[in-house]
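These notes concern the structure reproduced below.
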There are 2 protein chains.
Amino acid sequence: MRIGELAERTGVSVRALRYYEEQGLLTAERSESGQRHYGDTAVDRVRMIQQLYAAGISSASILEMLPCMVTGLATPEVLAKLHGHRSSVVKQLDELRETLLRLDTVIAGASATFESGVPKPCPHV
Amino acid sequence: MRIGELAERTGVSVRALRYYEEQGLLTAERSESGQRHYGDTAVDRVRMIQQLYAAGISSASILEMLPCMVTGLATPEVLAKLHGHRSSVVKQLDELRETLLRLDTVIAGASATFESGVPKPCPHV
DNA sequence: TAGAAACCTGACATTAACGTCAGAGGCAGG
DNA sequence: CCTGCCTCTGACGTTAATGTCAGGTTTCTA
């Protein structure tokens with residue numbers, strides 16, 4: 001498939017796909033005229049990239065990890081990187097949970113204010 | 001306390017603190033000569049700001065929410081915003097959990113490779 | 001009362017993952 | 001062949017939260 005179709009099937013912009021290639025995260029066959037052509041596996045590849053991005057992992061790190069993400073095999077160095085990223089993801093999870101608790105506390109307090117029939121303006125601090 | 005001490009106590013740079021003030025997230029008394037002076041509550045305030053940043057909430061949104069984060073009171077509009085941010089935090093949590101699972105799968109596979117005594121180079125995809 | 005250390009404002013630099021535009025070539029239908 | 005849509009490269013724009021530097025004032029310390 002060509003780049004437009006890949007973009008549509010993954011929900012990622014054409015620009016982003018070219019950027020991935022630029023970063024070495026995604027490769028493409030080229031037609032005689034220079035147009036990119038992708039196999040079906042590219043769809044999964046792009047989705048994986050997106051997922052790692054969503055975890056706050058940089059393209060440089062993804063580049064190191066990606067080949068092994070596909071096969072499940074890794075060098076010791078890559079394995080160490082993976083553990084490192086796992087830690088940071090766990091840390092992010094903890095922080096997010098804490099933030100969620102705080103948000104819930106605030107929301108509960110604010111909601112109670114309204115339910116009590118006493119809508120007060122937001123006071124200045 | 002002055003800005004340097006606040007920076008040290010919160011682990012945030014002086015530049016960042018001035019930026020928070022610029023964004024309206026943090027206020028300071030000014031001495032005769034114009035130097036910022038903070039009360040002890042500023043420490044908590046800064047930590048809260050950092051936590052919200054960590055949740056991917058923009059400074060503009062924080063600005064809307066912050067007064068009410070302190071008092072637990074909110075206008076209906078702010079309450080709606082809070083719910084919106086709650087949703088996005090929950091979504092982030094889900095995505096992170098999914099990513100963690102994927103990472104664990106890969107790590108498990110890679111670790112097994114080593115434990116089996118067959119360290120293989122990372123193959124090309 | 002120096003001189004160092006901390007502070008001030010203002011402004012330009014940085015980073016990442018794209019968006020957007022320009023100018024040009026490629027491809028399928030009518 | 002023409003039209004319209006897709007694609008190409010290259011390059012500059014964007015955003016957010018700072019970093020960094022310059023040039024000047026204030027505050028602490030010896």
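Sequence lines set the chain letters: A, B, ... in the order given, protein chains first and strands last, and positions in each chain run from 1. What you see below is based on every heavy atom in this structure, not just the backbone, and it leaves out hydrogens, waters and symmetry mates.
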Taking C-beta and beyond as the side chain, do B:V43 and B:Y38 meet within less than 4.5 Å on heavy atoms?
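Counting from C-beta outward, B:V43 and B:Y38 never come under 4.5 Å.
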Check: A:H85 and A:M65 side chains under 4.5 Å, non-hydrogen atoms:
yes
How far apart are the closest heavy atoms of A:Q23 and A:L63, and which atoms are they?
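Taking every non-hydrogen atom into account, O-CD2, 3.7 Å.
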Does [X] make a side-chain N or O approach to OP1 or OP2 of [N] shorter than 4.0 Å?
| X | N | answer |
| --- | --- | --- |
| A:Y20 | C:dC18 | yes |
| B:R18 | C:dC8 | yes |
| B:S33 | D:dT27 | yes |

Measure from the side-chain heavy atoms of [X] and tell me the nearest of [options].
| X | options | answer |
| --- | --- | --- |
| B:S59 | D:dT9, C:dC12, D:dA17 | D:dA17 |
| A:Y19 | C:dA17, C:dG26, C:dC8 | C:dA17 |
| B:R30 | C:dT9, D:dT7, C:dC7 | C:dT9 |
| A:S13 | C:dC18, D:dT18, C:dG19 | C:dG19 |
| A:Y53 | C:dG26, C:dT9, C:dA17 | C:dA17 |

d([atom1], [X]; [atom2], [N]) in whole Å:
| X | N | atom1 | atom2 | result |
| --- | --- | --- | --- | --- |
| A:E21 | D:dC8 | CD | P | 8 Å |
| B:E22 | D:dG19 | CD | P | 14 Å |
| B:E5 | D:dT26 | CD | P | 22 Å |
| A:Q23 | C:dA17 | CD | P | 7 Å |
| B:R9 | C:dA6 | CZ | C1' | 17 Å |
| B:I49 | D:dA16 | CD1 | C1' | 15 Å |
| B:L25 | D:dT18 | CG | P | 10 Å |
| A:I3 | C:dC27 | CD1 | P | 15 Å |

Donor-acceptor check, side chain of B:S61 to backbone of B:I57, threshold 3.5 angstrom: yes or no?
no
Pair of N/O donor and acceptor under 3.5 Å linking D:dT27 base with B:R2 side chain:
no
D:dT7 base / A:R36 side chain donor-acceptor hit below 3.5 Å:
no
Which comes earlier along DNA chain D counting from the 5' end, the contact point of B:S31 or that of B:I57, where each point is its nearest nucleotide?
B:I57
Look at B:E22 together with B:R18 and state whether they make a salt bridge at an N to O cut-off of under 4.0 Å.
no
Closest-nucleotide mapping onto DNA chain C: is A:Q35 or A:L17 further toward the 5' terminus? I mean the 5' end.
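Looking at DNA chain C, the more 5' nearest nucleotide goes with A:L17.
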